[in-house]
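What's counted below: heavy atoms across the whole structure, side chains too, no hydrogens, waters or symmetry copies. Whatever order the structure lists them in is the order used to number ligands and atoms, beginning at 1.
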Amino acid sequence: MADSQAPRATSNRSTTPGSDVFKDYISTQWAERPDEAVTPREQSAFALERRSRLSALHPGKRLVVPAGQTKVRSNDTDYPFRAHAAFSHLTGWGSDTVPGSVLVLEPTADGHEATLYFRASAGRDSDEFYANPEIGEFWIGPRPSLVQVGADLGLETRDLADFEAMVGVADADTLLVRDADPDLTRRVDALVDERPGSETLDTVADRAAASDTLTRDLSELRLVKDPFEIAEMRLAVAATQRGFDDVIADLPEVLAHPRGERLVEGTFNRRARADGNAVGYDTIAASGEHACILHWTRNDGTVSPGDLILIDAGIELDSLYTADITRTLPVSGRFSDVQRLVYDAVLEAADAAFAIVKPGIRFREIHATAMAVIAEKTAEWGFLPVSAAESIQPERQYHRRYMVHGTSHHLGLDVHDCAAARRDLYLDGVVEPGMVFTIEPGLYFQPDDLTVPEEFRGIGVRIEDDILVTADGAENLSIAIPRTAADVEDWVAGRR
Ligand code: GLY
Ligand code: MN
């Protein structure tokens with residue numbers, strides 16, 4: 001693949017022997033590697049069904065869904081690779097995805113034919129395996145064979161080199177997930193533009209708009225989860241609960257550490273790794289005033305006695321499904337009166353929102369319901385210049401000063417899943433069985449907010465649960481993680 005990243009100059013320090021004697025020697029005397037018999041992974045049948053639903057939406061179009069490339073962190077080190085969610089959804093390939101892979105749905109008379117292109121294992125006759133630190137198996141591990149992956153995912157597989165030939169035939173009927181692999185997107189655009197007669201083809205902007213419909217459809221396809229996805233979400237939530245339990249157990253060390261927030265993050269992430277998982281987003285460990293910063297991920301603060309610590313964290317499984325859960329804990333074991341007042345108000349908002357969830361409601365009603373409680377409470381405490389009823393008018397919204405974020409987002413392969421879905425199907429959409437989303441109201445009184453009494457300043461509370469819509473209501477998938485004030489106190493005190 002072409003690579004727009006700066007070349008990784010190592011010739012100034014490379015010690016790789018270049019002699020023919022060495023090359024001949026290292027390329028020989030390796031045992032055969034027979035392809036092990038692989039049975040299809042569970043999600044392959046679900047991925048097949050997802051591909052057929054996508055196919056029906058785009059007859060006659062070639063659909064190109066890249067996994068994406070590794071991203072440079074600095075110089076010659078990369079961030080951990082993570083496949084694009086749409087790619088994982090359609091292939092079932094998760095944390096073991098080979099970077100740079102591309103799924104292509106080629107149009108046929110009655111649908112599409114799917115082919116997965118990836119860079120297969122290089123033979124011992126190339127120097128890649130020992131001399132290429134980016135992709136060589138001596139450096140980052142062996143890649144699976146085409147046969148193995150084909151059997152594992154139930155997909156036709158071909159070498160990535162064949163995809164390069166395919167790029168050359170990209171035309172205006174090629175729809176591409178453009179944000180997955182920006183380099184590939186640029187190359188496809190350039191190829192189409194260079195082609196003789198390209199002046200009759202659409203402009204890049206037109207093609208981008210057409211491709212955006214593919215990206216949108218791939219998001220909307222994920223709004224309702226299938227049984228495999230729901231089972232994974234349950235596992236991700238259970239794994240996240242173990243992480244929270246570990247943090248609670250470590251609170252004495254956290255309190256004694258000058259950067260206790262880091263220890264909270266480390267403990268949660270250690271549980272993720274110990275269980276063979278990852279985290280779905282950077283863990284937020286926000287103690288004291290930091291809890292008023294919605295996405296506090298610097299996590300370099302002290303955790304002091306009497307603080308509330310807000311922990312927003314989620315375990316991501318090998319399948320790449322993630323939980324997204326927030327708990328706010330009194331680190332010394334008891335809420336102060338004012339902390340408890342705020343906590344109970346947020347819990348009431350969360351419970352009120354959960355109570356209305358059932359198929360047929362509008363997604364935005366969940367937020368409106370939580371906000372009505374937030375408005376009532378902040379009005380009751382005398383913080384608003386108007387009544388709660390006036391404040392919830394769209395042109396007023398005084399109470400939103402204390403909770404500027406939304407109450408719910410879809411959850412799945414991405415922590416903010418289905419992000420490209422149309423508003424009609426997302427915020428204004430109708431809730432359906434199988435949807436999974438968060439309910440996460442909060443109250444954040446900034447340390448310098450003159451509209452609230454001093455004892456409220458610097459208190460931040462968020463309670464976030466992961467909700468599955470059922471046939472006639474909803475299930476709180478994270479209900480087993482303590483969430484009432486009394487249960488949270490018991491949890492911290494080790495009574496649970
Ligand atoms: N967990 C962070 C968020 O939902 O924005
Ligand atoms: Mn969230």
| query | Does any donor atom in the side chain of Thr451 or Tyr402 lie under 3.5 Å from an acceptor atom in the other side chain? | reply |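 Indeed, the side chains of Thr451 and Tyr402 share at least one donor-acceptor pair under 3.5 Å.
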| query | Would you say the side chains of His409 and Glu440 form a donor-acceptor pair under 3.5 Å? | reply |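 Result is yes, a qualifying pair exists.
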| message | Quick check on the 6.0 Å ring-centre criterion: do His410 and Phe363 meet it? | response |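 Yes; Phe363 has its ring centre under 6.0 Å from that of His410.
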Give a yes or no on whether a salt bridge exists between [X] and [Y], defined as a side-chain N under 4.0 angstrom from a carboxylate O.
{"X": "Arg259", "Y": "Glu265", "value": "no"}
{"X": "Arg298", "Y": "Asp300", "value": "yes"}
{"X": "Asp245", "Y": "Arg242", "value": "no"}

| request: Starting from atom 3 (C) of ligand 1, find the nearest protein heavy-atom neighbour and note its residue, name and distance. | output: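 Going atom by atom, the protein heavy atom closest to atom 3 (C) of ligand 1 ends up being His416 NE2, 3.1 Å.
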Give the atoms of ligand 1, by number and element, whose distance to some non-hydrogen atom of [X] is under 4.0 Å.
{"X": "Asp312", "result": "1 (N), 2 (C)"}
{"X": "Glu440", "result": "4 (O)"}
{"X": "Asp324", "result": "1 (N), 4 (O)"}
{"X": "Tyr281", "result": "1 (N)"}

N/O donor-acceptor pair under 3.5 Å between [X] side chain and [Y] backbone:
{"X": "Glu229", "Y": "Asp226", "value": "yes"}
{"X": "Lys225", "Y": "Leu411", "value": "yes"}
{"X": "Asn299", "Y": "Thr283", "value": "yes"}

| Sub-2.8 Å protein N, O or S atoms surrounding the Mn ion (ligand 2) |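 The answer, once waters are left aside, is Asp324 OD2, His409 NE2, Glu440 OE2, Glu464 OE2.
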| query | Under a 4.0 Å heavy-atom limit, does His409 contact ligand 1 with its side chain, its backbone, both, or neither? | reply |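 The answer is the side chain of His409.
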| Is the closest heavy-atom distance from His295 to ligand 1 below 4.0 Å? |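 Yes, His295 has a heavy atom closer than 4.0 Å to ligand 1.
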